[in-house]
Amino acid sequence: MSRLNAREIEPKWQAAWAAAGCFTARRDPARPKYYVLEMFPYPSGRIHMGHVRNYTMGDVVARYKRAQGFNVLHPFGWDAFGLPAENAAMERRVHPEDWTRANIATMKAQMRPLGLSLDWSRELATCDADYVGHQQALFLDMLAAGLVTRKASVVNWDPVDMTVLANEQVENGRGWRSGAVVERRELTQWFFRIADYSEELLAAIDTLKAWPDKVRLMQANWIGKSQGLQFRFEIVGRAEPLEVYTTRPDTLFGASFAAVSPDHPLARALEAESPALATFCAECRRTGTSEEALETAEKRGFDTGLRVVHPLDDTITLPVYVANFILMDYGTGAIFGCPAHDQRDLEFARRYGLAVTAVVSPDGAPFEVGDTAFTDPGRMINSRFLDGLTIEAAKAEVIARIEAAGRGSARTNFRLRDWGISRQRYWGCPIPVLHCPTCGVVPEAKANLPIVLPKDIDFSPGNPLDRHPTWRNAACPACGGAALRETDTMDTFVDSSWYFARFTAPGAATPTDLDDAAYWMNVDQYIGGVEHAILHLLYSRFFARAMIRTGHLPESAAEPFDALFTQGMVTHETYAMPGEGGRTVWLSPDEVIRAEGSATLRATGAAVEIGPSIKMSKSKKNVVDPDDIIAQYGADTARWFVMSDSPPERDVEWTAAGAEAAWRHLQRVWRLTLEARAGGAGTPEAAHALDRATHRAIADVTAGIEGFAFNKAVAKLYEFANAVARSEAGAEARAAAMRVMAQLLSPMTPHLAEEMWAALGGAGLVVDAPWPVADPALLQCDTLTLPVQVNGKKRGDIEVPAGADRAAIEALVMADETVRRWLDGAAPKKLVVVPGRIVNVVL
RNA sequence: GCCCGGGUGGCGAAAUGGUAGACGCAGCGGACUCAAAAUCCGCCGCCGCGAGGCGUGUCGGUUCGACUCCGACCCCGGGCACCA
């Protein structure tokens, strides 16, 4: 048996692990715990290489920590609610739940052969009635604690399908099914009051030492703390003033207009009187709700004819516009425009012929602005009592004067808005409240939880809960009279904001068990896609605080993820064809025949457009199925392949090439194992050299795994295999080296490692063997090779004893033949010696 | 538009102020074989016979020395609050 048959050995060792209960986590206060978690998947249908990469990474960490003696928790679940299930229901007449459950079964069947060290006994799906009920209990507790509010906010409205659309369902401003131009519409919705935690969530970012800097920066920018001035413009001829927020009070004398959002109360009031303005506002609303859509739209405004009085000089008045680029959700929904020092304002002013007065100059000299607003530091000009001041001093002065005049005050603002959780959809967790004609909005009684979704529904566009004949009807928990259920369901981000806590006690009768949570929390290592860097992680950080406040987590869990690793995505080219009505039809790689520089549709031979390689996603269909690789080569090969080559934080473009090479390497390792058993006597020198190589490998592979540089750990394992292959050492020494090889391989290719371990007479299972430790003495070398540069370019090497000092190295350098040739008799101008690293001879 | 990343041989990459290209893929040459597969050995950034020159997206700077630090720009990707 010189070939390793993955199909035989992999199920065998998986059964052995299961029989030994290796991966079932049990609370054990005597042992240090380690909670490793990968972001749970959405059950979209089948697993793809991104999943394989993600879960293998987590598994390498879990198995490595286990070998180091930690009591490891490594659970798994399904982020099971969401839009695709409803789309499937409409497209294929499948019930969302049946579709989701079938997908979970399929994906689980695909996952199990990977041999992941998961505790499947803790598996959960967010659509489980149990999970739904506990989430509803959390909602009720948060409601009671004042963490929930209800207010108006805007949604994308499809006026043909009469339904709310997700941003993803808006394509070029039109509904994806109806093709109708989408409108913004205001609805009363449920919110979590995350904005109240802005300051705390921002400040605590500093404590997240083991998070990537880029994620911390993105979160900080998202929360967006700014210091500024909020003040009131008096409106000529109206009693009600216009409240404005600005971060540039210093530029107040450069103001040439004021503007409000089309959704601002003033705009709405004026609309009633002016059909022209109403038309303009209606046009503005004919765009999506995303910030991107608003910011990239052409800047347009409508002069209301109103004028506001300059707060620092009553003799100046400014026109008031309604402008499409102003967000109602940020600040007060109203601004003053200073075109010289804000690019957006500048474009607006040029378009509508408004004055552009520079009030900051780079050097304090008179200054004119051209096509580009001046936003750098400088000195104030054209600003009366502010002239000559720095921007910072001018800001302070303006704020002081406005405050003294009683027209406003300094104010800290946050970009972060409250978290709207209402969704007008079926496939989500029902919001457990009732609307009672007598009592108003009433929380459901906890005894009635879970409030589950009705199974008998119809799937035309819109919310089937609204149309259901009986589901809405319920008794009011307060007065007992007839009431109607809330038909909004929760944002699926709610589901993913506490699943990590539920995993610590998946059977508990309450959302969490405080003892279990205290033992297992926090997640020591969280792993997931960088696309979740802001929303999911921020919501989870908020939720942990809310759960502490409502008694569901211990104080120590406020930051639930100690260390975060954001893996790169697995990308793939996209394939598209024009479909009906100019819409794009995305094609999966299976449907396409790819040739050099072009692609055609497999079914008809029609030309297919090749798009950029981007994140694999259901909606773009650029998804690859890992089943073939596992079937052909086995799980170890697939695992080895996704860990090699690309650094884990970077995107990797999937290509079929390389799986073969991974398989060949694993076969080679197995051959080396068999050769080690059969080898001869060898020399002591060779045995010693192999021992050094072994300890070098232990040190390097350990460092690679610790540093999340799995690709480097893999490279070091290749080098170690090369060293063993070349070694003249005897059987015993080679077997010892290969036993260490088995241990070092075990986090990545656990089945092969077990097979090797057994073949080489290792005790028990390698999964239970403690991680090897490198002997520092064996990592030292007697001599080292120092590169010698001349004027910064490498010209040769010198051999120096390991502990050589500067003088000794200098002597060796000056004696070196190559150096003498470059010096040509002259003395060097300078000799840079960095012991242990390099020598540079400067001529 | 705003925020955050990335860009190094034919390809995936390594080197985070000190030998650019470890390791792997692809390719080329050889051994073994009747032959093929598998395996093993060697070569492998570009130009040049060579000495040597050039080379880490582009341009400029700091340094004895820059993929690495600083400034400006170009291209590609992620996020932008209802995709998950």
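Here is how names work: the chains are called A, B, and so on, in the same order as the sequence lines, proteins then strands, and each is numbered from 1.
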Item to check | Side-chain donor/acceptor contact of A:Glu292 with base of B:C2 under 3.5 Å | outcome: no
Checklist entry - Which glycosidic conformation, syn or anti, is assigned to B:G7 if syn requires a torsion within 90° of zero? => result anti
With rounding to whole Å, what would you report as the distance between [N] and [M] at their [atom1] atoms?
N: B:C67; M: B:G9; atom1: C1'; answer: 14 Å
N: B:G5; M: B:C25; atom1: C1'; answer: 26 Å
N: B:C69; M: B:U19; atom1: P; answer: 15 Å
N: B:A84; M: B:G17; atom1: P; answer: 42 Å
N: B:A36; M: B:G29; atom1: P; answer: 14 Å
N: B:A66; M: B:G45; atom1: P; answer: 22 Å
N: B:C41; M: B:C23; atom1: P; answer: 13 Å
N: B:G57; M: B:C75; atom1: C1'; answer: 7 Å

Next on the checklist: Looking at A:Arg650, I'd like to know whether one of its side-chain N or O atoms comes within less than 4.0 Å of OP1 or OP2 on B:G6.
Outcome noted: no
Next on the checklist: Does B:A13 have its OP1 or OP2 closer than 4.0 Å to a side-chain nitrogen or oxygen of A:Ser646?
Outcome noted: yes
Determine the contact category for [X]: base if any of its heavy atoms lies under 4.0 Å from a base atom, sugar-phosphate if only primed atoms, P, OP1 or OP2 are that close, otherwise nothing.
X: A:Pro647; result: sugar-phosphate
X: A:Gln189; result: base
X: A:Val215; result: nothing
X: A:Ser422; result: base
X: A:Leu416; result: base
X: A:Thr296; result: base
X: A:Trp222; result: base
X: A:His532; result: base
X: A:Phe493; result: base
X: A:Gly420; result: sugar-phosphate
X: A:Gln343; result: nothing

Next on the checklist: In this structure, is the centre-to-centre distance between the rings of A:Phe192 and A:Phe543 below 6.0 Å?
Outcome noted: yes
Checklist entry - Can the ring centres of A:Tyr131 and A:Trp78 be said to be less than 6.0 Å apart? => result no
Checklist entry - When the nearest nucleotide of RNA chain B is assigned to A:Asp418 and to A:Val530 on a heavy-atom basis, which residue is associated with the more 5' position? => result A:Val530
Checklist outcome for this item: Ranking A:Met218 and A:Gln169 by the position along RNA chain B of their nearest nucleotide, the one closer to 5' is A:Met218
Checklist entry - Which of these passes side-chain hydrogen bond (donor to acceptor under 3.5 Å, both in side chains) with A:Gln424: A:Asn463, A:Asp488, A:Thr487, A:Thr489? => result A:Asp488
Please work out which of the three classes, parallel, tilted or perpendicular, describes the rings of [Y] and [X], given edges at 30° and 60°.
X: A:Trp419; Y: A:Phe542; value: perpendicular
X: A:Phe565; Y: A:Phe708; value: parallel
X: A:Tyr499; Y: A:Tyr526; value: tilted
X: A:His532; Y: A:His536; value: perpendicular

Item to check | Cation-pi check, A:Arg216 onto A:Trp211 ring (under 6.0 Å, within 45° of axis) | outcome: no
Checklist outcome for this item: For RNA chain B, the dot-bracket notation using Watson-Crick and G-U wobble pairs below 3.5 Å, [ ] for pseudoknot-type crossings and | for other-strand pairs, is (((((((..(((.....[....))).(((((.......))))).(((....)))..(((((..]....))))))))))))....
Can you tell me how far [atom2] of [N] sits from [atom1] of [X], to the nearest Å?
X: A:Arg795; N: B:C64; atom1: CZ; atom2: P; result: 19 Å
X: A:Leu294; N: B:C82; atom1: CG; atom2: P; result: 13 Å
X: A:Arg415; N: B:C80; atom1: CZ; atom2: P; result: 11 Å
X: A:Asn167; N: B:A84; atom1: CG; atom2: C1'; result: 13 Å
X: A:Asn791; N: B:U63; atom1: CG; atom2: P; result: 15 Å
X: A:Ile809; N: B:C64; atom1: CD1; atom2: P; result: 20 Å
X: A:Asp213; N: B:U16; atom1: CG; atom2: C1'; result: 14 Å
X: A:Phe191; N: B:C82; atom1: CZ; atom2: C1'; result: 11 Å

Next on the checklist: Before you tell me yes or no, could you show the steps for A:Val839 and A:Ile809 under side chain to side chain contact (heavy atoms under 4.5 Å, CB included), namely the whole-Å CA-CA distance, both residues' side-chain angles and the distance that decides it to 0.1 Å?
Outcome noted: CA-CA 8 Å; A:Val839 177; A:Ile809 294 171; 3.7 Å; yes
Next on the checklist: Can you build the contact string for nucleotides 17-26 of chain B? Use B for base contact, S for sugar-phosphate-only contact, and - for no protein heavy atom under 4.0 Å.
Outcome noted: -BBS-BSSSS
Item to check | Under-4.0 Å salt bridge between A:Arg344 and A:Glu295 | outcome: yes
Checklist entry - Does A:Arg696 come within less than 4.0 Å of A:Asp700, counting only side-chain N to carboxylate O? => result yes
Checklist entry - Does some side-chain heavy atom of A:Leu416 sit less than 4.5 Å from a side-chain heavy atom of A:Leu538? => result yes
